[in-house]
Amino acid sequence: MNYRHIYHAGNFADCLKHAILSRIITYMQKKDKAFRVIDTHAGPGIYDLSSKEAQKTGEWKDGIGKLREANWSKKSKELLTPYFDAVQAVNMGEKFDTYPGSPMITHSLLRKQDRMTVSELHADDFQKLHALFKGDYQVKTQEVNGWHALKSNLPPKEKRGVLLVDPAFEEKGDFFRMVRGAREALERFSTGTMCFWYPIKQGLEMREFNADMVNVVGHPNTIVAELWVKDTTHSLDGSGMVIVNPPYTLVNELRIILPEMSRALSQTEDGGWRVSTLVPES
Ligand code: SAM
């Protein structure tokens with residue numbers, strides 16, 4: 001496992017993922033009943049953007065750096081407030097040098113009755129994650145394989161929940177594991193909201209992934225949201241999220257925020273976005 005997310009924290013792919021995650025959890029807050037967020041590939045939870053690793057790539061400057069400077073419509077600003085507030089909460093005053101990972105963003109949106117379970121396999125990143133939430137009654141940290149965590153944590157005892165599956169895609173076969181994981185998750189928790197993040201790549205593996213997500217998962221009420229910042233000939237010029245059982249409000253919200261995010265993040269005129277229904281509601 002060579003992948004370290006510190007090199008990529010706050011990049012355009014994180015922006016898409018975290019904006020969507022924040023909208024979904026904000027929707028979960030509408031009912032009093034407790035929910036649990038299960039994050040199978042959680043990372044260390046928080047990132048120092050002034051570290052030599054983050055400085056080396058500077059990817060955050062083309063991600064959250066651009067979103068912070070963008071002009072937003074009133075509606076988009078309102079929809080992105082939970083995400084931007086979570087980012088602001090880990091920074092002191094005017095200084096901007098820290099980015100929250102999915103665990104911190106989720107944590108900022110939990111009410112006292114809600115819980116989260118976060119798994120991470122890299123020993124150093126797990127240690128940081130564990131230290132970050134040590135003693136927090138709402139958070140369970142697990143140093144386990146995320147693909148196993150996906151199965152062992154579903155269904156959550158709250159019976160309401162959000163699953164985030166966000167692997168590194170550094171190992172061949174992660175597309176396959178994602179499809180298998182989606183199927184396993186649905187078998188255990190068919191009513192849950194589930195988010196499966198992926199990089200947009202060219203080639204057969206990508207085409208098979210798309211077809212498999214439709215045919216193998218085949219679950220009614222599944223959408224896909226993608227954002228790419230230039231021609232996607234090279235990997236990670238774009239990323240997407242397959243979302244099973246999204247809040248009914250999400251498609252419309254994404255149609256408001258994604259065009260503006262795309263304008264802010266595009267690196268060439270080939271940048272773009274899409275939100276579409278992968279499998280319609282039955
Ligand atoms: N979800 C995080 C966020 O949004 O802030 C970023 C996660 S990063 C894309 C993927 C993480 O998965 C890395 O921290 C990596 O160490 C971890 N990882 C890789 N293989 C794993 C596995 N089999 N089980 C659990 N974690 C794994």
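We count ligands from 1, going down the list as the structure has it; atoms in each ligand are counted the same way.
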Discussion item. As a test of understanding, state which of E59, K17, H5 forms a side-chain hydrogen bond (donor to acceptor under 3.5 Å, both in side chains) with N11.
Written reply: E59
Worksheet item: Got a second to check how far H122's NE2 is from Y3's OH, nearest 0.5 Å?
Response: 11.5 Å
Worksheet entry | Pi-cation contact, Y83 with R23 (under 6.0 Å, within 45°) | no
Discussion item. Between W147 and H41, is the ring centroid distance below 6.0 Å?
Written reply: yes
Practice prompt. May I ask you to check whether Y99 and H18 place their ring centres under 6.0 Å from each other?
Written response: yes
Worksheet item: Hey, is E171 close enough to R177 for a salt bridge, meaning N to O under 4.0 Å?
Response: yes
For ligand 1, what N or O to protein N or O distances fall under 3.5 Å?
unit_1	atom_1	unit_2	atom_2	d
ligand 1	1 (N)	H41	O	2.9
ligand 1	1 (N)	S102	OG	2.9
ligand 1	1 (N)	D166	OD2	2.7
ligand 1	4 (O)	H18	NE2	2.7
ligand 1	4 (O)	S102	OG	3.2
ligand 1	4 (O)	D166	OD2	3.3
ligand 1	5 (O)	S102	N	2.8
ligand 1	14 (O)	E120	OE1	2.8
ligand 1	14 (O)	E120	OE2	3.4
ligand 1	16 (O)	E120	OE2	2.6
ligand 1	23 (N)	N145	OD1	3.2
ligand 1	24 (N)	G146	N	2.6
ligand 1	26 (N)	L121	N	3.4

